[in-house]
Every structure is written in structure tokens, then in C-alpha cells.
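Have a look at the structure below before the remarks.
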Amino acid sequence: MTKQREESRERRRQRVRAKVAGTAGRPRLNVFRSLKHIYAQVIDDEAGHTLAAASSLDKAVRTQTGLKKIEEAMLVGRLVAQRAQEKQIKRVVFDRAGYRYHGRIKAVAEGAREGGLEF
């Protein structure tokens, strides 16, 4: 069943990526979720560069103990938004990477919005 789930997510990811592309003016906010951690990066697809990144492994998130996964995801969203704004990025395109817009993925998006990014 795990193999089927991975294949289904990969098909959804490809469908989403066919419609979502990051430019220099409006880069892509990509989210990856593992069982333990969550990662977010702001990517300029034209240049092929990562402009800002944050994850639950960052020291700013790890030092706060007793957080639930959704709370960590919210912090990651705020942190990636802060790092993006330091590089003068205000608007992004959200790439959920085949995951449902629910739970930790939604928390990253809400945290990024609270941090000042516009989708």
C-alpha cells in the first residue's frame, strides 16, 4: 500500500507542477513533508535557485520544545516568510507538492501568510 500511496502522490505532484511555476517576480513556495519533519523553500524556477528555505530542523524551531507537528509547521511557514522578505520577496505561488491542503501543509501556508507573504 505504501508504494501505491507514493505513486499516487507523485501523479498529483506532477499535475500540480504542470500548472505552478516560479518566476523571479513571483517564486514558488514548495513544501515537503516527511513523517517527522517539514521543509519549505522559495524557488525561482527560471534561474533554478533556492532563494529562501526553512525546516523543522532549523535551530530556531528545534530550540522550542514541546511543540506539536502542526505548531512546528506554522513556525516553519513564518520563518520561510521572514527569510523571503529579507530578500525583498512579497508574493509567491504555493506548491503543495501533491499533498492535500490539510494539516501541516495548510499550517505552513497559514504561517507564511502571517509572516507577510501573499499567495
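The figures here come from the full heavy-atom set of this structure, side chains too, leaving out hydrogens, waters and symmetry mates.
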(message) If you compare all heavy atoms of Arg28 against all heavy atoms of Val20, which two are closest, and at what distance to 0.1 Å?
(response) CD-CG1, 3.9 Å

(message) Quick one, Ile38 and Val108 - any side-chain contact, counting heavy atoms below 4.5 Å?
(response) yes

(message) Are Glu71 and Lys68 packed together at the side-chain level, in the sense that at least one heavy-atom pair is separated by less than 4.5 angstrom?
(response) yes

(request) Take Val92 and Phe119 through the side-chain contact (heavy atoms from CB on, under 4.5 Å) test and state the conclusion after the steps. (result) CA-CA 5 Å; Val92 295; Phe119 296 358; 3.5 Å; yes

(request) Report the C-alpha distance between Arg33 and Ile105 in whole Å, list the side-chain angles of each, state the deciding distance to 0.1 Å, and finish with yes or no for side-chain contact (heavy atoms from CB on, under 4.5 Å). (result) CA-CA 8 Å; Arg33 182 189 75 178; Ile105 303 299; 4.2 Å; yes

(request) For residues Arg104 and Ala73, report the shortest heavy-atom separation together with the two atoms involved. (result) O-CB, 3.5 Å

(message) So does Arg100 get a backbone contact from the side chain of His102, meaning a donor-acceptor N/O pair under 3.5 Å?
(response) no

(request) Check Val31, Ile43, Leu29, Val16 against Asp95 for a side chain to side chain contact (heavy atoms under 4.5 Å, CB included) and give me the one that passes. (result) Val16

(message) Quick check: is Tyr101 connected to Phe32 through a chain of hydrophobic side chains (ILVMFWY, heavy atoms under 4.5 Å apart)?
(response) yes

(request) Determine, for Arg26 against Asp44, whether the closest basic-nitrogen to carboxylate-oxygen distance falls under 4.0 angstrom. (result) no

(request) Indicate yes or no for a side-chain donor-acceptor contact from Arg78 to the backbone of Gly111 under 3.5 Å, with no hydrogens or angles considered. (result) no

(message) Let's go through Val80 and Gln85 carefully: what are the C-alpha distance in whole Å and the side-chain angles of both, what is the deciding distance for side-chain contact (heavy atoms from CB on, under 4.5 Å) to 0.1 Å, and is it a yes or a no?
(response) CA-CA 9 Å; Val80 77; Gln85 287 188 336; over 6 Å; no

(request) Look up atom CG in Leu75 and atom CD1 in Ile70, then write down how far apart they are to the nearest 0.5 Å. (result) 12.5 Å

(request) Would you kindly confirm whether Val76 and Tyr99 end up in one hydrophobic cluster when ILVMFWY residues are joined by side chain heavy atoms under 4.5 Å apart? (result) yes

(message) Any heavy-atom pair between the side chains of Ser56 and Tyr39 that's under 4.5 Å?
(response) no

(message) Show, in sequence, the C-alpha distance, side-chain angles and deciding distance for Arg13 and Arg96, and conclude whether the side-chain contact (heavy atoms from CB on, under 4.5 Å) test is met.
(response) CA-CA 8 Å; Arg13 186 187 72 78; Arg96 59 189 177 90; over 6 Å; no

(request) List the atom of Ala81, the atom of Ala112, and the distance in Å for their closest heavy-atom pair. (result) CB-O, 3.6 Å

(message) Working to the nearest 0.5 angstrom, can you tell me the gap between Gln4 CD and Thr2 OG1?
(response) 10.0 Å

(request) Report yes if the side chains of Pro27 and Val42 come closer than 4.5 Å at any heavy-atom pair, otherwise no. (result) yes

(request) Say whether, by atom type as modelled, one donor and one acceptor occur between the side chain of Arg11 and the main chain of Glu6 under 3.5 angstrom. (result) no

(message) Can a side-chain donor-acceptor contact be found between Gln41 and Thr50 if the only test is distance below 3.5 angstrom?
(response) yes

(message) Quick check against the 3.5 Å criterion: does Lys69 have a side-chain atom that pairs as donor or acceptor with the backbone of Lys36?
(response) no

(message) Could you tell me if the side chain of Arg17 sits less than 4.5 Å from the side chain of Asp45, heavy atoms only?
(response) yes

(message) Rounded at 0.5 Å granularity, tell me how far CG in Leu79 sits from CE in Met74.
(response) 14.0 Å

(message) Using modelled atom types and a 3.5 Å cut-off, is there a donor and acceptor pairing between side-chain atoms of Gln64 and backbone atoms of Val61?
(response) no

(message) With heavy-atom distances below 4.5 Å as the criterion, would you say the side chains of Glu110 and Lys106 are in contact?
(response) yes

(message) Using side-chain heavy atoms (C-beta onward) and a distance below 4.5 Å, is Arg113 in contact with Glu118?
(response) no

(request) Can you see which heavy atom on Leu51 is nearest to which on Lys87, and at what distance? (result) O-NZ, 3.0 Å

